[in-house]
Number of protein chains: 4
Amino acid sequence: MLLSIDFESEIPIYQQIKNQIIKGIATGQLSPGESLPSVRQLGADIGVNFHTINKVYTQLKQEGWVVVHRRQGVMVNPELNMETTQDYMNLLESNLEIIAAQAYLRGISKEKFIQIIDEKFSKFIKKGSE
Amino acid sequence: MLLSIDFESEIPIYQQIKNQIIKGIATGQLSPGESLPSVRQLGADIGVNFHTINKVYTQLKQEGWVVVHRRQGVMVNPELNMETTQDYMNLLESNLEIIAAQAYLRGISKEKFIQIIDEKFSKFIKKGSE
Amino acid sequence: MLLSIDFESEIPIYQQIKNQIIKGIATGQLSPGESLPSVRQLGADIGVNFHTINKVYTQLKQEGWVVVHRRQGVMVNPELNMETTQDYMNLLESNLEIIAAQAYLRGISKEKFIQIIDEKFSKFIKKGSE
Amino acid sequence: MLLSIDFESEIPIYQQIKNQIIKGIATGQLSPGESLPSVRQLGADIGVNFHTINKVYTQLKQEGWVVVHRRQGVMVNPELNMETTQDYMNLLESNLEIIAAQAYLRGISKEKFIQIIDEKFSKFIKKGSE
DNA sequence: GTGGTCTAGACCACC
DNA sequence: GTGGTCTAGACCACG
């Protein structure tokens, strides 16, 4: 899987990498159980300090997206059954609220907005069928 | 309009205030042309330094949400006709993509997701009818 | 002569009025010796606090654009023979330098720039012929 | 590149610095892609608070003159292709109008004025040839 | 070490 | 009284 970093973005590098890995899992580019490169390897590949990659993996592990095996290194969690906590739902609603408000005020209709969502979801793998 | 700040949040205070003001405009709690409190007044009201409010107003002005009138102070832009630039659309798609991916992996269905969107949009004022 | 104020401009109101009066003198809309309205009159006309008008007239007087007669009030200086001090030349060059630099970097050619200057000067009255 | 600040000037310090940086870009003293000092470094060098430099860089970034790279820090925008918006042209014309009017009334001929412009433009680098 | 954020106090220009 | 500017100190996120 290819990662592309925008070093001039306002989004921190570690956040960009995290986002792309999570997107990769959702779209099936990264399969449960698949190994990820070592921190040094990935850092060298995309030109990022390995401490930054370390931070990425640590956070992904804490959030349950990956597991760390003593031997194989970091791999995508083979049993991805994240709970939908109330905290997460609050965060999701809050994020959607401000994004939707801005989109609305910029003249984007609900239909257009939902159409975008629809496109995004259509890229995700079908659970259970893979 | 009431503003509530979470001082423990990771989201910067100025960002929280900005978000709530934009939401307020979208939901009609703040009407175009309506005056906002002075930087010192609002700062005192919600217990933050007035420089922080100044930053909020400065950014809102630069982004076109409010205008600064030499006499009435800061007011919601009476002519809110934001253009939907390509830059903005890219940002919106990018934001929705990662949010949707996470939601999907946490077991939230597309239907549930769209339902949340629907609720948010239903709170926004109908343009032209108010 | 009509004055138009933009209350949402970043340029202070008193500066806008000063500018327009000076432009008026240069273009002949205001003739040397012509009377200007009283501070209260002008203030009421354009919807501005008369203290602000007072500041305008005071500065215009200090800079030699107008004279104050005990009876007739404020009038355009009948003998407009401003010296071109070195201080003024330095200020002028400094102002032009940054304006030209920005225009240049925004892709405006020297020819286009000079053409704009040409248009502006063509609006000014011919000295001695009036 | 050397910056000189006049602490007695009416022009805000941050504006003086901004102006000199933009002039530096136009004259080629600063090349596209060139790194600028850190906010603290530059602040220490010229004896102003680093927050003031921060404001300068923030505005230069918003206006597109510089980009902030996560590793090299702040650098002159390598792709300086500013658009000449109608807003900018209006501002430019307005600025030139009042400057020209004053110069005219102070006895500066159009020829002298254009000569000054000519000198300024001759200092700018030739685009594409450097 | 870098920039970003928040707080704070002081002064000034403007209205 | 309003916003704008400058200084300053502290803490944090980032790389």
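Residue numbers start from 1 in every chain, and the chains themselves are labelled A, B, ... in the order their sequence lines are given, proteins ahead of strands.
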Open item on the list: Under a 3.5 Å threshold, yes or no: a donor from one side chain and an acceptor from the other, between T27(A) and Q29(A)?
Closed with: yes
- [ ] By nearest nucleotide on DNA chain E, pick out whichever of I11(B) and I13(C) is the more 5' one.
- [x] I11(B)
- [ ] Find which nucleotide of DNA chain E each of T52(B) and Q15(C) is nearest to by heavy atoms, and output the residue with the more 5' nucleotide.
- [x] T52(B)
Mind checking if [X] touches a base, just sugar-phosphate, or nothing, with heavy atoms under 4.0 Å?
X      : result
S38(D) : sugar-phosphate
R71(D) : sugar-phosphate
V48(D) : sugar-phosphate

Task: From W65(C) atom CH2 to L105(D) atom CG, the distance as rounded to the nearest 0.5 Å - done: 4.5 Å
- [ ] Starting at NZ of K61(B), measure out to CG of N54(B) and round the result to the nearest 0.5 Å.
- [x] 9.0 Å
Open item on the list: Would R40(B) pass as a cation-pi partner of F50(B), given that its NZ or CZ must be under 6.0 Å from the six-membered ring centre and within 45 degrees of the axis?
Closed with: yes
Open item on the list: Closest-nucleotide mapping onto DNA chain F: is R70(D) or R40(D) further toward the 5' terminus? I mean the 5' end.
Closed with: R40(D)
- [ ] Specify the residue among G47(D) and F50(D) whose closest nucleotide of DNA chain F lies further upstream toward the 5′ end.
- [x] G47(D)
TODO: Report the base-pairing partner of dT2(E) (Watson-Crick or G-U wobble, both distances below 3.5 angstrom), or none.
DONE: dA13(F)
TODO: Hunt down the Watson-Crick or G-U wobble partner of dA8(E), both distances under 3.5 Å, from any strand shown, or write none.
DONE: dT7(F)
Open item on the list: Between the base of dG9(E) and the side chain of H51(B), is there a donor and acceptor pair under 3.5 angstrom?
Closed with: yes
Task: Phosphate OP1/OP2 of dC14(F): any Y14(A) side-chain N/O under 4.0 Å - done: yes
- [ ] Give the rounded distance in Å between these two atoms: CG of N49(A) and P of dG1(E).
- [x] 16 Å
